[in-house]
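Below is one structure; the comments refer to it alone.
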Amino acid sequence: MLQILLVDDERSVVETLAETISWESCGISTVHEALSGAVALEIMENHDIDIVITDIRMPEMSGIDLITTIHEKWPHVQTILLSGFADFEYAKQAMAQESFDYLLKPVSDEDLIETVQRLVDRIKQKWETAASYQRALHAFQDNLPLLQSTMLHELLTGKTYSPSALADKLELLELPYSIGEELGMLVIRMEEHLSEMGDHDLSLMQYAISNIISEVMQHHFHIWHTRDVHDYLVVLVSVKKGAVQSMNKEEKPQTLLEHYAAQIQTNVQLYLKGAISISVSHWGKFPYEIGAIYESAVRSMRKRMGQAQGLFITASDDKDVHPLPAIRSLYNPPTLISLLEAGRFDAVEQKIEVIFEELLESGQHHDIAETTIEVYHALAGAFAYIIHKNGKQISSVLPAETYKYFQAPVYATAQQLKDWSIRTLYSISEDAEQELKDNHSTIVRSVKSFVDQHLASDVSLPAIAEHVHLHPVYLSKVYKTETGEALTAYVYRLRMEKAAYCLRSSSAKVFEIAELVGYNNTAYFIRVFKKFYDLTPQEYRENLPV
């Protein structure tokens, strides 16, 4: 949706256009108003305006001067000129400044809507052209290394794809890997002065190390690398087609990978003057086992290397007993905390279902008492985090029966823990929904109070938004969601209803009533009143029952 700016030195003109035109039907989401060229330029500086409709004859800065400045600073903005003078010279100047159209005042709603609609269609067409295939392809190629790295990072942290979606994404990102293929992995930790670099320099150093890896291994292996949450460089490798035939009979991919890893460690020391430690994993099938391979390599890095530097370990060196299986869905993205922060409560409930399915499945192979404790603390921690982040006490959000689990867990089975989790989630969700309703209701009350008190002055959308400290677009959406009526339509209706009341209950003249409801131009007031009631103010008064 687009944003439009209406500029005229007569307040009644801009407010009438803002209130009586069905802008949303034209593809306009936000209407801004300015009573001078200077104010218009200030609004342009602070908002992403797409279309400007301006009067020509204004004091200090004319409409021609305004659109000249606009086209110099914001060449993408489209303009329409209005004038009460059928002067061909103005039209020529407007066209010279590449104004989209020139309309004579008073312009009919139909003519203005038709002109704006044509302009909106032109802007949309330009957007579609800008998003052409060639431009998208160019941007895609520029960002291909980053997209490849991001995908590997997602796979390492548990993201899954359907086989067809995975194949399509691998092809799109030009990655020569296939489902079920055997892959190995290197996990590289930078040390000495390398690990003390700032984030930017660290990225450059990892880029340099990646180049060394590619240079050393390019004849036998495909390389796919990323940077993990520990700032380790993780390198996934697969054997190139035809490379097996070129290997010596006694060489195996694992042996060759270990040989190259040692060579990489030496080259980094020699050329980059820094130490690295490397963990060489065992091999596994893509993509199903790379998460387990990665965890095993990182665990070896942690348990066998510790804080020592410049070490080199391989999967064959690792005699560790396999750890108890973790409940991976607890930690796979998106995490419970990220879903709760986003307010995606349905997704949180689905994740809880998956967690407990995995927990019960793990119970077929070992005692789940330990993992149940892990699940409880992860869930309780996530729930407590989001409640506290919302500025509330746990006891104020949860019923007493649910709250006591935080004081002393009383579950005896996994099912009881699951039931408590769902109840807790529902309470948090209901509290968030009520808070949102309360906030929106407060906004609506504040808006109505402001409009009622300032109906004779500035009650434009920007003025109201400034009063309630909200962005105009957000305010419009909140108001319409809560009331079912557009905010500009409410202001227009309120003005007309108050004008009708004054016509019924007082002997005030029409121009006095016009000023009372915010119209300085009596002719415009009569026009919008007739549009609303299908009668002029005088006809309305004359038709009142005696």
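- Residues Thr150 and Thr226 form no side-chain contact, since every pair of their non-hydrogen atoms from C-beta on lies 4.5 Å or further apart.
- Within the 4.5 Å cutoff, the side chain of Leu330 has heavy atoms near those of the Glu374 side chain.
- Applying the side-chain contact (heavy atoms from CB on, under 4.5 Å) rule to Ser178 yields the partners Glu181; only residues at least two apart in sequence or on another chain are considered.
- Considering CD1 of Ile213 and CG of Leu186, their distance stands at 6.5 Å, rounded to 0.5 Å.
- Between Arg328 and Glu295 there is a salt bridge, since at least one side-chain N of the basic residue sits less than 4.0 Å from a carboxylate O of the acidic one.
- Across all non-hydrogen atoms, the minimal contact from Leu66 to Gly37 is CD1-O, 3.8 Å.
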### Query
How far apart are the C-alpha atoms of Phe356 and Ile422, what are their side-chain angles, what is the distance that settles it, and do they pass the side chain to side chain contact (heavy atoms under 4.5 Å, CB included) test?
CA-CA 11 Å; Phe356 280 91; Ile422 299 297; over 6 Å; no
### Query
Should Gln125 and Asp121 be marked as a side chain to side chain donor-acceptor pair (under 3.5 Å) after you check the CA-CA gap, both sets of side-chain angles, and the distance that decides it?
CA-CA 6 Å; Gln125 187 175 9; Asp121 292 342; over 6 Å; no
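- Not a single donor-acceptor pair under 3.5 Å links the side chain of Ser238 to the backbone N or O of Tyr177.
- The shortest distance between side-chain heavy atoms of Phe221 and Val239 falls below 4.5 Å.
- Using modelled atom types and a 3.5 Å distance limit, the side chains of Asp168 and Tyr161 yield no donor-acceptor pair.
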### Query
Yes or no on side chain to side chain contact (heavy atoms under 4.5 Å, CB included) for Ile28 and Leu2, after CA distance, side-chain angles and deciding distance?
CA-CA 5 Å; Ile28 305 295; Leu2 307 180; 3.9 Å; yes
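- Side-chain contact, Thr79 with His71: a donor N or O sits under 3.5 Å from an acceptor N or O.
- Side-chain N or O atoms of Asn143 include none that pairs as donor or acceptor with a backbone N or O of Leu146 at under 3.5 Å.
- Note that CD of Gln148 is 12.0 Å distant from CG of Leu236, once rounded to the nearest 0.5 Å.
- Across every non-hydrogen atom of Ile51 and Val120, the tightest pair is CD1-CG2, 4.0 Å.
- Side-chain contact, Thr335 with Ser338: a donor N or O sits under 3.5 Å from an acceptor N or O.
- The closest side-chain heavy-atom distance from Leu257 to Met185 is not below 4.5 Å.
- With contacts defined as side-chain heavy-atom distances shorter than 4.5 Å, the pair Met190/Gln206 qualifies.
- Trp283 and Gln254 are linked by a side-chain donor-acceptor pair at a separation below 3.5 angstrom, with hydrogens and angles left out of the test.
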### Query
Is there a side chain to side chain contact (heavy atoms under 4.5 Å, CB included) between Tyr479 and His440 once you walk through the steps?
CA-CA 8 Å; Tyr479 189 89; His440 286 182; over 6 Å; no
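- When all heavy atoms are compared, the tightest approach of Ser279 to Ser300 is OG-CB, 4.1 Å.
- Nearest heavy atom pair, residue Gly158 against residue Asn332, reads CA-OD1, 3.6 Å.
- The existence of a salt bridge linking Glu191 and Arg189 is confirmed by a sub-4.0 Å separation between a basic side-chain nitrogen and an acidic carboxylate oxygen.
- Using a 4.5 Å cut-off on side-chain heavy atoms (C-beta onward), Thr157 and Tyr331 make no contact.
- Here the shortest heavy-atom pairing between Ala382 and Leu340 reads O-CD1, 3.7 Å.
- Rounded to the nearest 0.5 angstrom, Ile293 CD1 and Lys285 NZ are separated by 10.5 Å.
- The closest donor-acceptor contact from the side chain of Lys351 to the backbone of Pro334 lies under 3.5 Å.
- With rounding to the nearest 0.5 angstrom, the CG atom of Leu270 is 12.5 Å from the CD atom of Gln265.
- Rounding to the nearest 0.5 angstrom, the gap separating the NZ atom in Lys480 from the CG atom in Leu487 is 11.0 Å.
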### Message
Pair Val216, Asn267 - check side chain to side chain contact (heavy atoms under 4.5 Å, CB included), show working.
### Response
CA-CA 9 Å; Val216 169; Asn267 286 358; 3.5 Å; yes
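- One distance of note links CD of Glu466 with CG of Leu475; it measures 12.0 Å at 0.5 Å rounding.
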Ignoring hydrogens and angles, write down the donor-acceptor pairs under 3.5 Å from the side chains of residues 38-50, residues two or more places apart or on other chains.
from	atom 1	to	atom 2	distance (Å)
Glu45	OE2	Lys73	NZ	2.4
Asn46	ND2	Glu42	O	2.9
Asp50	OD2	Gln3	N	2.8

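- No side-chain heavy atom of Ile209 sits less than 4.5 Å from a side-chain heavy atom of His225.
- Surrounding OH of Tyr288 are more than 12 heavy atoms belonging to other residues, nucleotides or ligands, all under 6.0 Å away.
- Across Glu289 and Gly284, no two heavy atoms sit closer than the pair OE1-CA, 3.0 Å.
- A donor-acceptor pair is defined here as one N or O able to donate and one able to accept, closer than 3.5 Å; no such pair exists between the side chain of Asp65 and the backbone of Met61.
- Within 6.0 Å of CD in Glu433 there are 12 or fewer heavy atoms belonging to other residues, nucleotides or ligands.
- More than 12 heavy-atom neighbours from other residues, nucleotides or ligands sit within 6.0 angstrom of CD on Gln141.
- Using a distance-only test at 3.5 Å, with no hydrogens or angles considered, no donor-acceptor pair links the side chain of Ser149 to the main chain of Pro145.
- Counting only heavy atoms from C-beta outward, the side chains of Val444 and Thr483 approach each other to under 4.5 Å.
- With His230 contributing its side chain and Tyr232 its backbone, the two residues share no donor-acceptor pair below 3.5 Å.
- Side-chain N/O atoms of His220 and Tyr260 include a donor and acceptor closer than 3.5 Å.
- Neither side chain, Asp346 nor Gln350, offers a donor N or O lying under 3.5 Å from an acceptor on the other.
- Salt-bridge check for Asp431 with Lys392: passed, with a basic side-chain N closer than 4.0 Å to an acidic carboxylate O.
- Atom NZ of Lys437 is surrounded by 12 or fewer heavy atoms from other residues, nucleotides or ligands within 6.0 Å.
- Judged purely by atom type and a 3.5 angstrom limit, Glu349 has no side-chain atom pairing as donor or acceptor with the backbone of Leu425.
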